[in-house]
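A short worksheet on the structure shown next.
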Amino acid sequence: MPVNGTQNHANALDARGIGKRFGGFWAVQDINLTVRPGERRAILGPNGAGKTSLFNVLTGDLTASAGTVRLFGQDVTREPIHKRIRRGLRRSYQHAHLFEGLTVRETLFLAVAGVQGSWAQVWPLKGSDKRLAEADRLAEVAGLTSFSERAVSELSHGQRRQLEIGIALAENPRVLLLDEPAAGLSPAERPKLSALLMALPQEVTVVLIEHDMEIALQTSESVSVLYNGRMLAEGTPDAIMQNEDVHQVYLGGGYAQ
Amino acid sequence: MTLFFIVTLNGLTLAALYFLAATGFSLIFGLMRTVNMAHGALLLLGGYVGFSVVEATGSWGLGVIAGGLAAALAGALVQFGILGWMQGDELRQTLASIAISIIMADLMLWHWGGITYQVTLPELLSGGQRLPLLGVGYASIRLALMAFALVIGVALWFLIQKTRFGAVIRAGVDDQAMLRALGFPIKRIFISVFALGGMLAGMAGVVAASALSIAPGTDLQFLLSSLVVVIVGGMGSVGGAALGALLVGLAEQYGLAYAPTYGAVFTFAIMVLVLAVRPQGLLGRAEK
């Protein structure tokens, strides 16, 4: 491992020996995960493999029981989530967490304000403001411009997933962690999400948990497979498709035919 | 008819006071899911501090501000020093806040003693007004109390619905985890909202000590009324607290005037009815 400053530019995300314990149960154990800047990585694994627990440790939603997490070379293992956000980390959740009572515009405004760490402002939300302009830009990227004054509770499932991506893109993210962005989407809505993911700026690092093999393999250049809380295999999509272990535990042996 | 008007005005006065007391309680619950059983103690602290400041300075306005600030500070300390460490563990927080409430009540008894206090009113508010349309006279301080509650209610509505900080609060009421994930320092936001809730309680305490009086036990009386008001109106909304306070205040006064034996029954009958038919409260949103 390099000791000099070049390490700062080496990896977007560098997790070493990550473990997360709930009582006597290790949800994940001894996980090493290295993601280069700009890399598109998919994380696969059957239910209960520990994918979301690993995400929660990487983002700071949960504190690691063991190991270290580095973001662009900086040790963030003990940092709360709002500090990691300022370093360029963004995440989405498996089950859409959105503010039902707010409009799309207000939600995106908060996404921008949150990254900037400004919240104690008691002046009105309306008016000309850089953050509102940024919110409108995000609505456009997420394909929701015509819905920006709608309440979040009125959006369709697919639009909610688009909004989540819009939130994650606030203020130049550097690393996106997306937890099953396509979960619950209809086959008709999936290509739209795929296109949105593939249109992300090249310099943004994306790590996504995905059950939909097609989206995962289409949008990612490398794949990590978790099983029973441990790393089972890593490699290119092709290598993973050929991997015997992966076939055994995840694909049930019959996927590649 | 005069009796009816007077009783209605009394009901509205009480409703105004209940609203001031309950709205901070409701705000804190709405955002943090904390049932702050020390809310009554914050109100009483505000009342006592307000009384002492009015005695020392002779300024009623200064007393209201000081009472609000003292309770805001106490509320922020309670959240920062104790309840914030058990965030997410609601039962523990509730029990801890009961302990805080008892300790605060004892400390206040030690400092201010067991006597009843009434804040000296400024000249402007000390007399009565003859109301033109209703043809009855009514105490100025009570009319001022209603106006005060109205102003506070509108200001709070504006803060929550129209401002940036309000958008943060509304978002937090919907989903705390997501607010955190957006990068908001949730601990500091919680402390601020606790201070805001404490300030409302403290000002209510000074106003209560002016329109009525305060003494040991006032804390529990207002805690209970706040609980009933937010159960009826719905937790976590300003409008809910206003509606709940109106219903409870009026029911209490009509009950006392027209069916004195069963006066207290009306309030709790309303509460039981709401719990049975609409458990989230009249204006509350159902938990998902």
Side-chain angles (χ1 to χ4, degrees), chain A residues 55-56 59-62 79-103 105-127 129 131-132 135 151-153 163-164 167-168 170-171 173 177 179, chain B residues 27 30-32 72 76 84-85 87-88 152 154-196 199-200 234-240 280 283-288:
Chain A
F55 254 38
N56 285 338
T59 57
D61 278 287
L62 296 174
E79 274 188 5
I81 187 166
H82 69 264
K83 292 206 172 140
R84 299 190 200 191
I85 297 278
R86 305 236 202 300
R87 295 184 185 278
L89 183 82
R90 305 282 187 279
R91 79 160 298 172
S92 74
Y93 288 88
Q94 184 177 354
H95 302 289
H97 278 259
L98 289 169
F99 309 125
E100 303 295 329
L102 271 61
T103 64
R105 199 163 188 234
E106 285 174 328
T107 304
L108 291 170
F109 168 81
L110 283 183
V112 178
V115 177
Q116 296 179 346
S118 67
W119 55 274
Q121 299 178 330
V122 292
W123 46 90
L125 191 58
K126 296 269 183 263
D129 184 298
R131 293 193 199 99
L132 271 182
V152 168
S153 54
L163 178 58
E164 288 189 305
I167 291 170
E171 290 292 277
L177 299 181
D179 194 347
Chain B
L27 194 66
L31 181 62
M32 298 171 240
W85 296 96
Q87 207 63 57
I152 292 285
V154 171
L156 264 183
W157 175 85
F158 185 82
L159 175 75
I160 291 173
Q161 293 300 327
K162 296 289 168 195
T163 72
R164 285 137 203 264
F165 183 51
V168 174
I169 294 181
R170 279 183 292 141
V173 169
D174 268 351
D175 197 320
Q176 265 179 42
M178 186 63 194
L179 193 63
R180 244 163 58 89
L182 289 188
F184 287 96
I186 203 105
K187 278 188 180 170
R188 270 179 276 162
I189 292 171
F190 281 4
I191 292 169
S192 315
V193 171
F194 227 100
L196 178 63
M199 189 182 78
L200 291 165
M235 286 273 200
S237 88
V238 178
Q280 71 269 36
L283 295 185
R285 266 193 290 162
E287 291 279 326
K288 274 164 292 176

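All chains are named by letter (A, B, ...) in the order of the sequence lines, taking the proteins before the strands, and each is independently numbered beginning at 1.
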Are any of the side-chain heavy atoms of A:Tyr93 and B:Asp175 separated by less than 4.5 Å? no

Is there a side-chain contact between B:Leu179 and A:Phe99 (heavy atoms, below 4.5 Å)?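 They are in side-chain contact.
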
Taking atom [atom1] of [X] and atom [atom2] of [Y], what is their separation to the nearest 0.5 Å?
| X | Y | atom1 | atom2 | value |
| --- | --- | --- | --- | --- |
| A:Arg90 | B:Leu182 | CZ | CG | 9.5 Å |
| A:Glu106 | B:Arg170 | CD | CZ | 4.5 Å |
| B:Met178 | A:Glu164 | CE | CD | 6.5 Å |

Does any backbone or side-chain atom of [X] lie under 4.5 Å from a heavy atom of chain B? Answer side chain, backbone, both or neither.
| X | result |
| --- | --- |
| A:Leu110 | both |
| A:Ala113 | both |
| A:Arg84 | neither |

Kindly give the heavy-atom pair with the smallest separation between B:Arg180 and A:Gly60, and that separation in Å. NH2-O, 3.9 Å

